[in-house]
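This report refers to the structure that appears directly beneath it.
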Amino acid sequence: MCGIIGFTGKKAARDIILNGLERLEYRGYDSAGVALLEDGKISVKKRTGKVAELKGLCQSEENTATCGIGHTRWATHGGVTDANAHPHRCGQVVLIHNGIIENYRELVREYSLQDKLVSETDSEVVAALLDTFYEGDPIKAIKKTIKALSGAFALCIMFQDIPGKIFAIRNVSPMIATSCADGSIIASDLTAVVEFSKEYFVVPEYHILTLTEDGIDVMDMKGNEVKPEILSVNWDVASAQKGGYPFFMLKEIYEQPDAIRNTVSPRVSNGLPDFTTDGIDDEVFKNCKRVVVVACGTAMHAGMVGKHVIEDKLRVPVQVEIASEFRYKNPIIDEETLTIVLSQSGETIDTLEALKLAKANGSKVISIVNVKGSTIARESDYVLYTHAGPEIAVASTKAYTVQVAAMYLIACKMGLVKGILEESEARQFMTKLINAPNIIEETLENANNIKRVANHIKMAPDAFFIGRGLDYTMSLEAALKLKEISYVHAEAYAAGELKHGTIALITENVPVIALATQEDVYGKVISNIREVKARGAYVVLVSMDDEVNDPAICDKHIKLPKLDKEFTAFANAVVLQLIAYYTSEAKGLDVDKPRNLAKSVTVE
Ligand code: F6R
């Protein structure tokens with residue numbers, strides 16, 4: 001949460017920073033600010049609202065400074081006000097911060113900082129502390145300050161009397177950096193730097209960076225120079241742009257076929273799953289007696305889909321846990337448990353802490369991560385990278401379906417290694433998985449039909465998603481997506497459970513989106529649909545039937561391609577994503593930046 005960027009170099013910094021902030025805006029968009037250092041002075045401009053508004057504020061200013069920092073905020077400590085926006089200035093110091101300083105109140109008391117503060121933020125306390133310790137030696141002041149902090153932080157700092165330099169340090173909160181012909185750049189993630197360089201490094205924790213126009217020095221807390229590992233980006237700047245789509249979310253929905261192809265194809269050899277290049281030993285699967293999946297939100301829902309396949313096909317027990325709950329449990333985990341962690345960003349703090357707990361309890365951890373070099377990837381025993389490319393819309397779409405595909409790859413591999421699946425069965429399964437992108441392409445052809453459903457849902461205060469088995473799991477994700485971007489209150493229910501309470505909420509015209517794609521329970525779901533239809537619901541049936549024209553069953557039918565039961569997940573996902581997308585669009589909302597949210601959840 002929060003996007004931070006710093007640039008120092010041979011070019012004017014202002015527009016580089018503002019454009020970078022626009023790319024980072026999905027990390028938070030409550031307020032934004034920029035600080036520019038020139039001729040021994042730092043000018044700070046900041047305000048509530050989106051980066052576009054900050055751009056307006058900065059336009060009249062001179063654009064000659066070549067060193068600056070910028071921030072886009074997701075509020076944690078202190079409301080959404082101009083004063084709480086970053087950068088924060090105190091004396092000679094100006095800084096931006098992503099993370100949470102847990103002991104900020106104690107610091108204010110211990111160092112009598114109250115008189116230096118004008119905001120309600122924890123971040124400003126760091127600026128005040130730095131200013132207290134600063135006597136002309138920035139490294140000394142930074143070291144002293146960092147020793148006093150507890151919590152997560154990524155900090156970029158400028159000192160008014162030190163021209164052309166940005167200092168940076170982090171603990172937990174992400175930050176990457178690169179230098180190129182134009183200068184040095186540091187940011188929360190790659191989207192902001194990829195146009196400058198295809199090479200970057202992850203800022204090592206508790207190392208002090210000094211950025212100048214000529215390059216970046218990295219030193220540990222003892223003062224030793226460190227050469228961080230250089231990584232390269234496998235996507236280009238066009239991937240982080242809308243490419244003619246009105247919103248990133250729609251673009252990302254349409255990118256799903258390629259994202260799945262890129263994730264699955266490199267891991268198929270002779271028609272079977274192959275993790276050789278990922279370095280995942282067969283032993284990991286052979287030795288595991290049970291699986292625990294930990295993740296948050298949409299990523300957790302992808303894990304739940306994986307649970308269906310692993311339990312159904314392999315009869316290996318799988319427990320899916322919400323990371324923020326799991327991390328405070330005394331989990332039943334041992335050496336025979338395989339923990340699978342899912343995270344698009346690879347930075348979600350609850351997921352990261354859950355991972356550490358699983359490892360501490362002796363479990364091997366495989367993570368399914370989209371962002372290369374992210375903290376979760378680095379902390380895991382094994383990583384299965386998904387190749388979805390950058391996901392910019394706050395609502396996750398393509399990252400979800402590639403996570404599902406990765407879970408299916410793992411299920412198939414585990415089945416083979418354990419001798420539960422015959423080679424021929426595994427080959428058949430893989431043929432279907434390889435076909436998943438085509439399923440999605442076929443489903444996307446139905447987009448206009450799906451769009452019409454949105455016109456009904458946009459009027460409703462509430463909506464329900466129902467289904468059984470895998471369809472119920474898909475409903476959970478559908479309800480999350482609809483709530484998240486269209487603000488329609490939505491709930492998912494196991495279709496058979498409605499009559500135990502929830503059916504009381506079904507009145508005239510309430511939208512019920514009913515998934516009936518699981519052959520073994522199809523008849524049962526249709527009975528449950530009749531029950532809600534009889535009470536006046538507006539029913540949208542999603543099924544593989546050729547046509548359903550019975551008004552006692554549904555008002556609208558969305559037809560899916562004919563699929564085996566576990567592969568309906570890919571078609572269902574697209575339908576449900578499009579319903580949420582078009583509802584949000586029809587309500588005139590900012591689909592990519594829903595209120596109160598941020599893409600990467602790096603606070604608890
Ligand atoms: C919802 C959504 C979130 C994320 C969750 C985990 O559309 O995107 O629920 O899935 O915050 O994020 P990652 O996958 O980055 O760990």
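In each ligand, atom 1 is the first atom listed, and ligand 1 is the first ligand listed.
Atom 11 (O) of ligand 1 has V601 CG2, 4.0 Å as its closest protein atom, hydrogens excluded (heavy atom only). Counting protein heavy atoms only, atom 5 (C) of ligand 1 is closest to C296 O, 3.6 Å. In this structure, atom 12 (O) of ligand 1 lies nearest to the protein heavy atom T348 OG1, 3.5 Å. Closest to atom 2 (C) of ligand 1, if we only count protein heavy atoms, is T298 OG1, 3.6 Å. Nearest to atom 8 (O) of ligand 1 among the protein's heavy atoms is S396 CB, 3.2 Å.
To the nearest 0.5 angstrom, S584 atom OG is 13.5 Å from I579 atom CD1. One finds the CD1 atom of I260 at 8.5 Å from the CD1 atom of I439 (value rounded to the nearest 0.5 Å). Separation of atoms OH (Y104) and CG (L149) is listed at 14.0 Å; rounding is to 0.5 Å.
Between the side chains of Q344 and Q403, no donor-acceptor pair of N or O atoms lies under 3.5 Å. In summary, the side chains of T298 and K481 do present a donor paired with an acceptor at a separation below 3.5 Å, with no hydrogens or angles considered. Judged purely by distance below 3.5 Å, without hydrogens or angles, the side chains of D189 and T191 pair a donor atom with an acceptor atom. A donor-acceptor contact under 3.5 angstrom links the side chains of D334 and T337, judged on distance only. For the 3.5 Å distance criterion, the side chains of E497 and T502 fail to qualify, holding no donor opposite an acceptor. In this structure, a donor-acceptor pair under 3.5 Å is absent between the side chains of R73 and S31.
For ligand 1, the atoms lying closer than 4.0 Å to a non-hydrogen atom of K481 are 1 (C), 7 (O). Close contacts between ligand 1 and G297 involve ligand atoms 9 (O) [criterion: under 4.0 Å to a heavy atom]. If you number the atoms of ligand 1 from 1 as listed, the ones under 4.0 Å from a heavy atom of A395 come out as 7 (O). Below 4.0 Å from some heavy atom of S343 lie the following atoms of ligand 1, by number and element: 13 (P), 14 (O), 15 (O), 16 (O). Atom numbering of ligand 1 starts at 1 in the shown order; those under 4.0 Å from a heavy atom of Q344 are 13 (P), 14 (O), 15 (O), 16 (O). Counting atoms of ligand 1 from 1 in the listed order, those under 4.0 Å from a heavy atom of A299 are 10 (O), 14 (O). Those atoms of ligand 1 with a heavy atom of S345 less than 4.0 angstrom away are 13 (P), 15 (O), 16 (O).
Looking at ligand 1, you'll find an N or O of E484 within less than 3.5 Å of one of its N or O atoms. For ligand 1, none of its N or O atoms has an N or O atom of K599 under 3.5 Å away.
A salt bridge is defined here as a Lys NZ or Arg NE, NH1 or NH2 lying under 4.0 Å from an Asp or Glu carboxylate O, and D258 with K398 fails to meet this definition. Electrostatic pairing of R267 and D274 does not count as a salt bridge here, judged by no charged N lying under 4.0 Å from a carboxylate O.
Residue N370 places every heavy atom at 4.0 Å or more from ligand 1.
At a heavy-atom cutoff of 4.0 Å, ligand 1 is contacted by no atom of E347, backbone or side chain. In M300, neither the side chain nor the backbone holds a heavy atom less than 4.0 Å from any atom of ligand 1.
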